Each structure stands twice: as C-alpha cells, then as structure tokens.
Amino acid sequence: MTIPLILASKSKPRRDILFHAGICPTIRVSHVDEDAVLVRAAEEQGISVDELPIDAKVMLLAEAKALAVYEAYLAVAKTAREATGERVTGRPLDAVTADDPAAALADDARAETQTRDFSRVRIPRTEEPLQQALAAEGRGLTAAGVGPLILGCDSMFLLDGKAYGKPHTPQVARERLRQMSGATGELWTGHCLIDFATGHVVKGASKATLHFSEFSDAMIDRYIATGEPLEVAGSFTLDGFGGAFIEGIEGDPSGIIGLSLPLARQLTEQLGIEWTDLWNVTRDERFEVAAPNNGGKLPPKENVRQPGDGWVECACGRKHWGTNGAAGVLLARRDAQTGEVTHIVMQHRAAWSAEGGTWGIPGGAIADGENTIEGALRESFEEANITPEDIEVVGSYCEDHGPWGYTTVFAFEKPGHEVHPKANDDESMEIVWVPIDEVPDRRLLTAMRTDWPSFEKRLRALAVEYKVEQK
C-alpha cells in the first residue's frame, strides 16, 4: 500500500529531496502570511517577534502551512461528499467493434477518435447516482483509513543570535553574506506532519551547524548575480552555487536544504506509519518533460512531476495524460432571479500545453488517493482559483476509454457565493467567465468542441432541476 504525501511547499529542493528518497509528493502551496503568523504568536505571548526563539518560529510556520493545506483538502472532501446528481458514463470505444458490423464506424469517422472527436459516433451511455459511482471507485480522501499525509516545512538561519529568513533583495543578501563570511551559524527547519484521515498532528525541528569559508567581494557579487541566495533561508544553499563555500556541517545535511529526511521519517513513524509505505518512485524512474502530443513544446522548467502524472497508451490510438485518469470542473453561474445559466468558467490554455491556445475547462491528472470529483476540485482550484467551498457539484460525465477516462464535473456557484476565477499557475493564459451563448465562438479544445452541445443542454436542464429543488 502506498500512502500519498502532500507537500505544503513549492520549493523544488524540498520536492527533490523527497523524490530522490523514493517519494513523489503532490505539491499544494499554502499561501500562508508568514509575518502575520509570527506577529500573532508574539502578541499572544506578550513579546516581540524578535524575542520568539528560532525553533518556535520555524515550528509555528511549518504548522501554519500544514494546517492551511489540511483545511483546503477538508473543503475539497466536503464538496465531493455533498455532490449530488448523476454520473453519465460514455464509452466511445465500445462503438467500434470488429465483431459487430452494425456498430462499426466508417474509416473517416474512426479516424476522428485519434483526437477524441466523437461528434460522429453514437456513444453507448449508462447513468447511475453520482455518490454510488464514487463508492464503486473505492478511493477518495474520506475513504482511506490512513493518509494522505500533509507535510509543512519552514527554515531559518541563526547567526550571532539573530534569526534570518529569505533576503529577497540583492542589497539585503549582500549585507548578510558579508556577515556570514568565515562565520559559523545554525540552520533550523521546522516540520509539521498531519494525517488527513485521523487529523493527528506531529511536529519537530531539525538543526545543523555550518562553518563558512571566507567570502570575497567578487564571490558575493557573482553569487548574488545567480539569483540563488535571494529566496532561500539564510541567503545560501547546500545543493547549489553556495555549497562550495560551506567548509563543514554538524547535523543533518538534508535539513539544510529545507526538509530533514530523518526527522520526516521519525514523525511518520510517530503516526504509526512505515516510511517505506510512502515510497512511490522506482530507483530508475525518470520523468519525460517533453509531452509527446503537444508539438514538442516544453512546459516551464519549474513544473515538476506529481503523483498521477504520466501518459497512458489507449486503444483509441492516442496517449492520454493521467495514470489515474483526468478530470475538470465545468462551473456555471446562474441568474439570481430566473435560475438560468448565464456564464461558465473557461481556461485559455498555455501555448506549451497540448492544443495550446485553445479554450477548455480547468482540470488535469487525478492524483493518487483521490476520487474523480476530488481530483477535479483540486485541479480547478490550483489552475483557476475555483474555491470548492463556494460551489455545489450537481453531476458528472465520464468519457471512459477503459484504461483511461476523463471526468467533467458539472457545478454551480452556491446561492449567495461567488467564485473569482484567475490563473493560479502557468498552465493558463487566462481564466474568465464566458457568457454561455459565446462559448462556441471560442477556438475550443477538440474534446470541448465535440462535447459542448451535449454539455450545454445538460447544464440548462440541471439549472431547471436545481431551481425546483431550491424552492
């Protein structure tokens, strides 16, 4: 059994530490206001922020980050648990069978399956209650007895009795590096681990003592020019340009990079979980960055592999993204008086993505441990800021290819709630509310263009049903 790990940080070094140790985490940024967390804690104790011990600071911030992500996942799980309506499942490949001539497609129609365009295919469909379908999946955030685990981390550097975080500017970095030249300091990293299934929380901090070489002005200028010291605790890294200027270390080296593997293992064991149960990466596993069906365009360098990322070979002749399938949210806004659908949220896809520049709905690969609704809700928030606590799921459509499927989740804004969509990452050029009548005027993703007529019809019908239920 593999237990998913969610890392409450976008730090690539932290992610790489885990990956090389056999764990590919799901990345979920916490967006915690770190200064506010420390100010609030200091006020509660009647002291200044500077008077807070460094171990207390890193622990407070690590816990705040882990709790923020924990609460975000609670919102996803709650919205998925309260989902209503029907799941319609279409199986387009069942319409193409050699032993059933009446169901076989003409050659030109069959060729359309290479781009998921099934507009000329009579697709066999089944329907069942959505919650019944989710139960049959046998997975989900609330279905597991343990996990996923949520890990928050924060690091600070202690020099001459003063704690330092990220310098952010070249001027501050230059001043700090001059202080560090030939000196000895301590790097502290706080860790907070939460078991989502039980809510149990464990915490700890790691410390390592570092001895630095003498820094020349030329070295400092050139180091700052790399950009590396600006956004790392203490203005240096062990695993980068700065590593050559660290003369000696006493303590855990991985903690210096921002995540102590021994401490993370100990915290995991405190939750009654074996560290090896988190392993989900093979020794020789490598991630192919270039997507095979996007014209060779590369995603941004900061994009990293996450659980569920990968290509699935399909009987339709294409490779599909998402080893657990993929899902997205088709969110609609209704008129407050009539209840009729007026707008939907649409994503203008990044140029580097498959069919880049087209319009579709936000979504992506379903992560390990998620059900289809949870995966759609998480992806739509990460990409488009669709906040799960502000929407209601009212149905879904799964295009089932057998080894792979894409689930479109139909949702409305809750009465009295508003979703403010925006591009949260680099997978979108823009995220906007589009009037429903103007959707066909956009250059749509092939699958969206094929499905839109039936999706529009179902959205309008769901709006009528929803209005009746609300009376």
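The model shown is predicted, which means the values in this text are computed figures rather than measured ones.
Of the possible donor and acceptor atoms, one in the side chain of N385 sits under 3.5 Å from a partner among the backbone N and O of H420. A side-chain donor-acceptor contact under 3.5 Å links Y406 to the backbone of G328. The backbone N or O of V345 lies less than 3.5 Å from no partner atom in the side chain of R333, so there is not a single donor-acceptor pair. Under a 3.5 Å cut-off, the side chain of R28 and the backbone N or O of S9 do not form any donor-acceptor pair. Side chain of E82 to main chain of T79: no donor-acceptor pair is present (N/O by atom type, distance under 3.5 Å, no hydrogens or angles). No donor-acceptor distance shorter than 3.5 angstrom exists from the side chain of H211 to the backbone of I246, with no hydrogens or angles considered. Looking at E427, its side chain never comes within 3.5 Å of a backbone N or O of S353 through a donor-acceptor pair. A donor-acceptor pair under 3.5 Å links the side-chain atoms of W279 to the main chain of A21, judged by distance alone. Within the 3.5 Å criterion, the main-chain N or O of G90 finds no donor-acceptor partner in the side chain of R125. E374 contributes a side-chain N or O that, together with a main-chain N or O of N371, makes up a donor-acceptor pair within less than 3.5 Å.
Remark: aromatic rings of F236 and F241 are distant, center separation not under 6.0 Å. Ring centroids of F410 and Y397 are separated by 6.0 Å or more, keeping the two rings apart. Ring to ring, F212 and F157 are close: their centroids are under 6.0 angstrom apart.
With hydrogens and angles left out, the side-chain atoms of T446 and E355 include a donor and acceptor closer than 3.5 Å. Counting only N and O atoms by type, the side chains of S48 and D50 include no donor and acceptor under 3.5 Å apart. Looking only at atom types and distance, the side chain of Q270 has no donor-acceptor partner in the side chain of H200 under 3.5 Å away. Looking only at atom types and distance, the side chain of E430 has a donor-acceptor partner in the side chain of H348 under 3.5 Å away. With no hydrogens or angles considered, no side-chain donor-acceptor pair links D400 and T89 at under 3.5 Å. R87 and T372 share a side-chain donor-acceptor pair at under 3.5 Å. Neither side chain, Q306 nor T26, offers a donor N or O lying under 3.5 Å from an acceptor on the other. Side-chain N/O atoms of W311 and E313 include no donor and acceptor closer than 3.5 Å.
Between L52 atom CG and I47 atom CD1 the span is 4.0 Å, to the nearest 0.5 Å. The distance from atom CD1 of I249 to atom CG of L210, rounded to the nearest 0.5 Å, is 5.5 Å. Atoms CD and CG, from E382 and L377 in turn, are 11.0 Å apart once rounded to the nearest 0.5 Å. Taken from CG in L38 to CD in E43, the straight-line distance is 11.0 Å, to the nearest 0.5 Å.
Note on E370 versus R378: salt bridge recorded, some NZ/NE/NH1/NH2 to OD/OE distance being below 4.0 Å.
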Check your understanding: Are V393 and L130 close enough, and set up right, to give a side-chain contact (heavy atoms from CB on, under 4.5 Å), and what steps lead you there?
Key -> CA-CA 10 Å; V393 173; L130 180 52; 3.9 Å; yes
**Study point:** Residue pair E383, S428: steps toward the side chain to side chain donor-acceptor pair (under 3.5 Å) verdict
**Key:** CA-CA 7 Å; E383 291 186 3; S428 311; 4.9 Å; no
Review point. Can L187 and K207 be said to form a side-chain contact (heavy atoms from CB on, under 4.5 Å), step by step?
Key: CA-CA 6 Å; L187 196 291; K207 180 188 77 169; over 6 Å; no
**Study point:** CA sep, side-chain torsions, deciding dist, call: T2, N280, side chain to side chain donor-acceptor pair (under 3.5 Å)
**Key:** CA-CA 7 Å; T2 298; N280 59 352; over 6 Å; no
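For the pair R14 and L151, the minimum side-chain heavy-atom distance is 4.5 Å or more. Residues V419 and E413 meet the side-chain proximity criterion, which asks for heavy atoms closer than 4.5 Å. Taking the side chain as every heavy atom from C-beta outward, H168 and E231 approach each other to under 4.5 Å. Using a 4.5 Å cut-off on side-chain heavy atoms (C-beta onward), L149 and T268 make contact. Looking only at side-chain heavy atoms (C-beta outward), P362 and I386 come within less than 4.5 Å of each other. Between L177 and E175 the shortest side-chain heavy-atom distance does not fall below 4.5 Å.
The ring pair (Phe, Tyr, Trp, His ring centres under 6.0 Å) analysis of residues 25-45, with sequence neighbours excluded, yields no pairs. Within the structure, salt bridge (charged side-chain N to carboxylate O under 4.0 Å, His left out) pairs that include any residue of residues 143-168 comprise K65-D154 (at least two apart or interchain).
Across all non-hydrogen atoms, the minimal contact from I431 to A384 is CG2-CB, 3.6 Å. Here the shortest heavy-atom pairing between V232 and E228 reads CG2-O, 3.4 Å. Residues L7 and L259 come closest through the heavy atom pair CD1-CD1, 4.1 Å. Contact between T189 and G258 at its shortest, heavy atoms only, is CG2-O, 3.4 Å. The nearest pair of heavy atoms linking L60 to A41 is CD1-CB, 3.5 Å. A pairwise comparison of heavy atoms in C316 and H401 identifies SG-ND1, 3.9 Å as the closest pair.
Cation-pi contact between R349 and W359: absent, since separation from the ring centre below 6.0 Å together with deviation from the ring axis within 45° is not met.
The only member of L93, V88, D451 that meets side-chain contact (heavy atoms from CB on, under 4.5 Å) when paired with E399 is D451.
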